[in-house]
Amino acid sequence: MTPRDWDVRRLALAALGIALLCAGPAALAKEATVSEVTRHFESLDVAPAVEHRLVIVHPVVARVAPEKRGEAVRLAGTTSPDLLAFGAIPDSSKPRAEVVSFAPEPLVFLAGDVVRVAEADFVVTHDLVAAAGMPSHARLMRVSEETESDPLGAETRMLGPVLPGALRYLLLTGQPGPAVRAACEKWAAEVRLSTPRRSPAELGLAESIAKRVADYRKSLAALPVPAVAAGQELVGCAFLLDGAFASMETFGTSALFAAAWPRLLDGIAVEAAVEEARQGLLGEDLADPADPDRFLTDLKKRLLDVFGARLDPSDVPEGARQFDIGLEGAVARALMVGESRVTHFVLVTDPARRAETPKDESPDLRAAARKARQTEEEKRLLERRGGGAPVPAPGQPPQPPLPVPPPAPK
């Protein structure tokens, strides 16, 4: 359990301790009110990564305490459809659907869960905890085209996959329905999705990327479990796309993450395949993985930012609490059900900021060859390897001549 740069926790604690010592008693008092989120991050370790084409996935493990009374939940997106009953979804700009859960534990709906009905697809825009047998109101947003009722649908209401991170970012930042639908339509057009709904839940069916999505699913389906210390569990993952940190998602227990992983992987696979389509890489045979841990510095910096961020707590029905976390160029949210356990945490980088080229910690020719977005130094290295003329480093602009001082008076 000692590959290089594994332990994020010690860096996080050091940064947090320095910040609190400098801020004084007021900060300590504030910290006491958000200790659940802080303790969750203190427990996390980022494990060595696995890599496939443009995707790097770091498993995340945590010290997990035994569940206390009232902390056990299940995820709505992974539960059996017969445990959910949806009411009518009104045709309005901000629809809400009445939902009743028959699961014995509280059922958690997360922002980004797709609800597929007979005529259209909707997405849950706010976290929701539904108690057994009690009607709750889920806030939804339509993300697909309206179609005629599908007679082949076995269920009149069902949950589909979670949205890819770049689209989920729009939900977490409160973007209105038209902006979200425009982004979904742009993705559908880029991969030439031909289904009538043109839904983000159907992007993996697009003929142009279907094989690539299947490759990602197959290669990353069995996320390797790192060697963990006693009391640690695999509770989440951090996801990098083409060398840029994209998102991180963790859960309160390994069982919750194991249930969610296939749906999260679907979103990752679609997002990566769409990026390959944009970069014209779908037909290329990219190099084998090379040093997948080379971008850990960028990942650690983003996680450390959470400790110094402002937290905005709010109540969620059924006794849960939500913490919205303001970050520069990213958005994060934590959901806590029960007394002390963070049930779910998600952090998504602003897609527009992912285009910023990160500094490669150790330029590697094999790693550079498989990147769609290469640094200038990597381009020069690859040019030399290919036998072409070396590309000179960009020179400095010439300095303007110094002014000639006037002659001294006689």
Side-chain angles (χ1 to χ4, degrees), residues 5 8 11-12 15 37 40-41 44 46 49-60 110-112 123 125 162-175 179-180 183-184 186-187 200 203 216 220 236-251 260 264-276 278-279 292-312 323-335 344-361 371-375:
D5 291 334
V8 173
L11 286 176
V37 178
H40 178 70
F41 262 81
L44 299 182
V46 176
V50 292
E51 185 173 11
H52 180 67
R53 296 186 67 88
L54 293 189
V55 168
I56 295 173
V57 179
H58 284 273
V60 175
L110 300 175
V123 65
T125 60
V162 69
L163 284 185
L167 297 177
R168 202 174 184 187
Y169 178 83
L170 300 177
L171 298 180
L172 296 175
T173 53
Q175 297 298 308
V180 176
C184 293
K186 181 176 183 293
W187 282 45
L203 286 168
Y216 277 111
L220 300 172
C237 68
F239 157 52
L240 290 86
L241 180 58
D242 195 21
F245 175 61
S247 65
M248 175 178 179
E249 197 148 357
T250 61
F251 294 84
L264 299 180
L265 177 55
D266 278 349
I268 290 173
V270 165
E271 191 162 354
V274 169
E275 182 63 23
E276 288 196 50
R278 290 170 176 167
Q279 300 288 346
D293 296 323
R294 64 193 179 277
F295 298 110
L296 266 175
T297 295
D298 185 52
L299 169 58
K300 288 181 177 181
K301 182 182 182 303
R302 175 50 71 193
L303 299 187
L304 289 177
D305 288 346
V306 175
F307 283 89
R310 178 183 61 84
L311 285 87
D312 184 14
F323 296 91
D324 289 304
I325 304 170
L327 299 169
E328 178 66 27
V331 63
R333 177 177 293 174
L335 177 68
H344 176 253
F345 173 85
V346 61
L347 188 160
V348 184
T349 303
D350 182 351
R353 301 288 289 270
R354 297 179 196 172
E356 298 174 358
T357 304
K359 180 180 179 182
D360 199 333
E361 297 176 26
K371 289 174 61 181
R373 188 180 66 255
Q374 296 153 350
T375 65

Worksheet item: Measuring from Arg294:CZ to Leu299:CG, what's the distance to the nearest 0.5 Å?
Response: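 Result: 13.0 Å between the selected atoms.
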Worksheet entry | Rounded distance [0.5 Å steps], CZ in Phe245 versus CZ in Phe239 |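 Reported to 0.5 Å precision, the distance equals 10.0 Å.
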Minimum side-chain heavy-atom gap [X]-[Y] below 4.5 Å:
| X | Y | result |
| --- | --- | --- |
| Val55 | Leu241 | yes |
| Leu163 | Leu170 | no |
| Leu54 | Tyr216 | yes |
| Val180 | Leu167 | no |
| Val57 | His52 | no |
| Leu44 | Met248 | yes |

Which pair of non-hydrogen atoms, one from [X] and one from [Y], has the smallest distance, and what is that distance?
| X | Y | value |
| --- | --- | --- |
| Trp187 | Leu203 | CE3-CD1, 3.7 Å |
| Ala49 | His58 | CB-CE1, 3.3 Å |
| Ala309 | Gly326 | CB-O, 3.2 Å |

Fill in: Trace of the side-chain contact (heavy atoms from CB on, under 4.5 Å) decision for Val162 with Asp266
CA-CA 8 Å; Val162 69; Asp266 278 349; over 6 Å; no
Worksheet item: Taking the six-membered ring for Trp, are His344 and Phe251 parallel (under 30°), tilted (30 to 60°) or perpendicular (over 60°)?
Response: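 The arrangement is tilted - the two ring planes meet at 30° to 60°.
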Practice prompt. Might you work through the side-chain contact (heavy atoms from CB on, under 4.5 Å) test for Leu110 and Val346, ending with a clear yes or no?
Written response: CA-CA 10 Å; Leu110 300 175; Val346 61; over 6 Å; no
Worksheet item: Do the charged groups of Arg302 and Asp305 touch, with an N to O distance under 4.0 Å?
Response: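 Salt bridge present between Arg302 and Asp305.
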Discussion item. Using salt bridge (charged side-chain N to carboxylate O under 4.0 Å, His left out), reason through Arg354 and Glu271 one step at a time and then give a plain yes or no.
Written reply: CA-CA 13 Å; Arg354 297 179 196 172; Glu271 191 162 354; 2.5 Å; yes
Discussion item. Tell me whether Thr250 contacts the main-chain N or O of Gly236 through its side chain, where contact means a donor paired with an acceptor under 3.5 Å.
Written reply: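 No; zero donor-acceptor contacts below 3.5 Å.
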